[in-house]
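Below: one structure, written as structure tokens.
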Amino acid sequence: MRGVRAALAADLVAADTAVADLELEQANAESELEPVRQRLVRNQHRIADGTVADPKALGSLIEEVEHLQRRIATLEDAELEVMEQLESAQADREKLRAEAAVLDEELATLTAKRDAQLSELDADVAERQGERAAIVPEIPADLMALYHKVGATRGGVGAAELRQRRCTGCQLEINAAELRQFAAAPADEVLRCEECGRILIRTANSGLRS
Ligand SMILES: [Zn+2]
């Protein structure tokens with residue numbers, strides 16, 4: 001989704017550029033028109049106020065007025081075309097902005113959801129650490145050292161439950177001969193998985209006959 005948002009951001013930059021270019025083009029068209037319009041108004045006044053008495057001069061003034069009117073029509077057509085392009089570029093940009101807003105909202109929702117899950121996990125970890133801190137002092141130092149030594153090569157987990165005759169650390173089944181040994185072992189003997197070396201925790205579900 002972030003990739004899509006980045007592509008959209010690039011499209012938005014391009015759309016902004018297109019709009020800015022057309023705005024400049026329209027401003028140029030307008031500044032080209034302005035002096036022509038002024039000249040037309042000036043000439044129309046001069047014809048209307050009767051200060052030009054010479055018929056020949058008046059004739060060429062009228063001719064110039066007609067020429068200026070055609071010139072203005074041409075420039076206005078060109079400006080109108082630019083304005084239509086500008087409107088369409090602005091509409092495209094609005095569409096992209098709306099898409100970006102929807103995506104940003106979705107991203108914000110997902111981010112909030114992720115943050116909530118992270119803080120839930122943090123709370124969970126803190127709770128487990130509290131439980132662990134309470135248990136550690138009750139465990140003999142040599143057993144704790146063994147746990148850490150095994151854990152160092154087993155992703156930090158040095159012990160696993162023995163469940164249904166299976167080591168839940170490596171998921172392998174304990175063979176029958178070993179199971180007999182485990183079943184006969186005293187409760188305080190440290191049992192270990194032959195495969196992964198983890199300390200095996202016996203429970204009522206371990207599958208050992210007593
Ligand atoms: Zn194992």
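Atom set for the values below is all heavy atoms of this structure, side chains included, hydrogens, waters and symmetry mates excluded. Read the numbers this way: they start at 1 and go in the same order the structure lists the ligands and their atoms.
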(message) So that I can tick it off, tell me whether Arg37 and Glu30 are bridged by a salt bridge, with the cut-off set at under 4.0 angstrom between side-chain N and carboxylate O.
(response) yes

(message) Just to be sure I understand the site: which N, O or S atoms from the protein are less than 2.8 Å away from the Zn ion (ligand 1)?
(response)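 Protein N/O/S atoms under 2.8 Å of the Zn ion (ligand 1): Cys167 SG, Cys170 SG, Cys193 SG, Cys196 SG.
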
(message) For a quick check under 3.5 Å, do Thr51 and Asp49 share a side-chain donor-acceptor pair by atom type?
(response)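 Side chains of Thr51 and Asp49: pair found under 3.5 Å.
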
(request) Please name the residue in the list Glu32, Glu66, Glu76 that meets the salt bridge (charged side-chain N to carboxylate O under 4.0 Å, His left out) test with Arg71. (result) Glu32

Pairs under 3.5 angstrom only: tabulate donor-acceptor contacts from the side chains of residues 116-127 to other protein residues two or more places apart or in another chain.
residue, atom, partner, partner atom, Å
Ser119, OG, Asp115, O, 3.4
Ser119, OG, Ala116, O, 3.0

With a cut-off of 3.5 Å and sequence neighbours excluded, list every side-chain donor-acceptor pair involving residues 178-187.
none

Hey, can you pull the donor-acceptor pairs under 3.5 Å for the side chains in residues 79-101, sequence neighbours left out?
residue, atom, partner, partner atom, Å
Arg93, NH1, Asp16, OD1, 3.0
Glu94, OE2, Arg97, NH1, 3.1

